[in-house]
Amino acid sequence: MEKPVAAIEFGSKKIKLVVGYELDGQVYVLYALTKPYGHIVEPGKFSDFAKLTQNVKEVHDFSDPSAKLKLTISEALLAIPPYGLDVFETKQVTTVIGEESKINTIDIRNIYALIRNASNEMENALIDVIPETYILDQGRTFTLPPIGVSSSTLSMVAKVHTLPHKIPTAYQTALKSGGINVKRLVIAPFAAAKLLASYSEIPNDYILVDIGSDITMVSLIGNETLYASRTFEWGGDHITERIIEAFNINEADAEKYKILYGIDKREMNFRAPVCKTDDGEGHEVKHYREELNSLIKSELETFTKQLNSAVDDLLTDYGTTYKKLPMILVGGGSQLHGLVEYITPKVPSETVKVVTPRSFGARNPTFTNCLGMILAHANNPSVYDENHPRFGQVTRDPIK
């Protein structure tokens, strides 16, 4: 069992935190929370850095009296959106220096160091290295680090994730300014793919669509790993905003009606309004399901056009048959009632499915990437040496 770790993601309007550990390929959650901070996270930048920093500070030393829980977080895994993501494959070879030519952890670190050194010549910043195959003498191959196996050389074939420097710099600065060190950076859709790989019914190859409140990330997953990503500015809040404008109601009510009804095709024996408002002149205005359905479908039409455009761009270098790959929807925006039925005939994928987390204590789809980071960290060594303090202690208040 891995030691408990904290995983943090900066959503468009809230910080997400999961504290947990991996055991037998599953994530066990000690605690999970979200802290709203308003719409201050935009693509690749923060509109109110001071407010974001304050929220990180509040998470750094967190207590929940109802759960009799205190958390002191000194470091955390941090999700990074795939803005400008470049994924390529590399192969490095090192001479085994251990006694009797047996591979040791230092040999694994040496091969990671070779990749880090090579990344210094790249324009983008190195984010993560994902080992795919370890190769020893006589062509022997391993999927896990072959610690203790004898060989004169060690080769590693790996996927390398890179981003423009400004993206990881901004996100790391935000976390560190709040008093939390970055234990590891993880590309968000890679984390999601790791979580989905722990579910037996999910195929190895698919198109991953993460629908947030303002941003949608579309990624190509092959053999359970990330190959490429595209993003576009559309999320569940776009529907909420349309309802606010059309019904002349506040955001909380608009969000409530969106979640409660979605695209509602139920046949009723009576015609009851969704809500009643005032036109400003003392006249009551009734809004019905048909009007709500029309508003939502109009926004989803915009969504599907951008989604198909993103898929086309994502698969430019691949055959058209890849467009038929299953489409997996994750994220809070994927929970809209009627979404799958509406977009399935409008996208090239043969099937469309929504998948939500199954870890007790963090089953809200907003925690998908945080849960996946915990799995990714347990399964793959970090590209950097772990020479900084471990995750802080988790304690429960004594029962009074």
Test item: side-chain donor near acceptor, Lys16 and Thr366, under 3.5 Å: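 Present: a donor and an acceptor within the cut-off.
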Residue pair Asp137 / Thr153, side-chain donor-acceptor N/O under 3.5 Å: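 Per modelled atom types, Asp137 and Thr153 side chains form a pair under 3.5 Å.
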Please determine whether residues [X] and [Y] belong to a single hydrophobic cluster, defined as Ile, Leu, Val, Met, Phe, Trp and Tyr linked transitively by side-chain heavy-atom distances below 4.5 Å.
X      : Y      : result
Val96  : Ile135 : no
Val186 : Val56  : yes
Ile108 : Val157 : no
Ile73  : Leu30  : yes
Val354 : Ile202 : no

Looking only at atom types and distance, does a side-chain atom of [X] sit under 3.5 Å from a main-chain N or O of [Y], one as donor and one as acceptor?
X      : Y      : result
Asn55  : Lys51  : yes
Asp278 : Glu284 : no
Asn117 : Ala113 : yes
Ser229 : Pro82  : no
Asn364 : Phe367 : no
Asn293 : Asp264 : yes
Thr304 : Leu300 : yes
Thr344 : Val340 : yes
Thr351 : Pro326 : no
Lys258 : Ile243 : no

Side chain to side chain contact (heavy atoms under 4.5 Å, CB included), paired with Leu315, selected from Thr320, Val218, Ile207: Ile207
Beyond-backbone contact of [X] with [Y], side-chain heavy atoms, under 4.5 angstrom:
X      : Y      : result
Leu375 : Ser198 : yes
Leu226 : Lys159 : no
Arg271 : Lys286 : no
Leu196 : Tyr206 : yes
Ile215 : Pro81  : no
Thr368 : Asp210 : no
Tyr288 : Ser294 : no
His377 : Val5   : yes

ring-ring contact (aromatic ring centres under 6.0 Å, His included): pairs with one or both residues in residues 318-364, sequence neighbours excluded: Tyr318-Tyr322
Qualifying ring-ring contact (aromatic ring centres under 6.0 Å, His included) pairs, either residue in residues 234-261, two or more places apart: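 Only Trp234-His238, Trp234-Phe303, Phe247-His287 qualify under ring-ring contact (aromatic ring centres under 6.0 Å, His included).
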When you check the gap from the basic side-chain N to the acidic O, do [X] and [Y] get nearer than 4.0 Å?
X      : Y      : answer
Arg242 : Glu301 : no
Arg184 : Asp128 : yes
Lys13  : Glu255 : no

Any residue meeting ring-ring contact (aromatic ring centres under 6.0 Å, His included) with Tyr28, in chain and number order, not counting sequence neighbours: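 For Tyr28, the residues satisfying ring-ring contact (aromatic ring centres under 6.0 Å, His included) (neighbours in sequence not counted) are Tyr21.
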Evaluate whether atom [atom1] of [X] has more than 12 neighbouring non-hydrogen atoms of other residues, nucleotides or ligands under 6.0 angstrom away.
X      : atom1 : value
Ile147 : CD1   : yes
Glu233 : CD    : no
Glu251 : CD    : no
Lys35  : NZ    : yes

Residues Leu220, Leu325; criterion side chain to side chain contact (heavy atoms under 4.5 Å, CB included); working and verdict: CA-CA 9 Å; Leu220 175 61; Leu325 285 173; 3.8 Å; yes
Atom [atom1] in [X], atom [atom2] in [Y]: separation rounded to 0.5 Å?
X      : Y      : atom1 : atom2 : value
Glu58  : Leu17  : CD    : CG    : 13.0 Å
Asn369 : Ile80  : CG    : CD1   : 11.5 Å
Lys91  : Met156 : NZ    : CE    : 12.0 Å
Tyr83  : Leu163 : OH    : CG    : 11.0 Å
Ile343 : Leu336 : CD1   : CG    : 10.0 Å
Ile249 : Lys276 : CD1   : NZ    : 14.5 Å

Criterion side chain to side chain contact (heavy atoms under 4.5 Å, CB included) on Val285 and Asn248, from CA distance to verdict: CA-CA 10 Å; Val285 179; Asn248 192 28; over 6 Å; no
Looking only at heavy atoms, which two atoms of [X] and [Y] are closest? And how far apart?
X      : Y      : value
Ala192 : Leu208 : CB-CD2, 3.8 Å
Ala79  : Met373 : N-SD, 3.3 Å
Gly338 : Ile263 : O-CD1, 4.0 Å
Ala6   : Glu75  : CB-O, 3.9 Å
Ile103 : Ser151 : CD1-CB, 4.4 Å
Gly333 : Leu339 : O-CD2, 3.8 Å

Chi angles and distances behind the side chain to side chain contact (heavy atoms under 4.5 Å, CB included) call for Asp312, Lys323: CA-CA 8 Å; Asp312 288 342; Lys323 292 185 178 181; 2.7 Å; yes
From CA spacing to verdict: side chain to side chain contact (heavy atoms under 4.5 Å, CB included), Leu126, Arg116: CA-CA 7 Å; Leu126 174 66; Arg116 284 203 307 273; 3.9 Å; yes
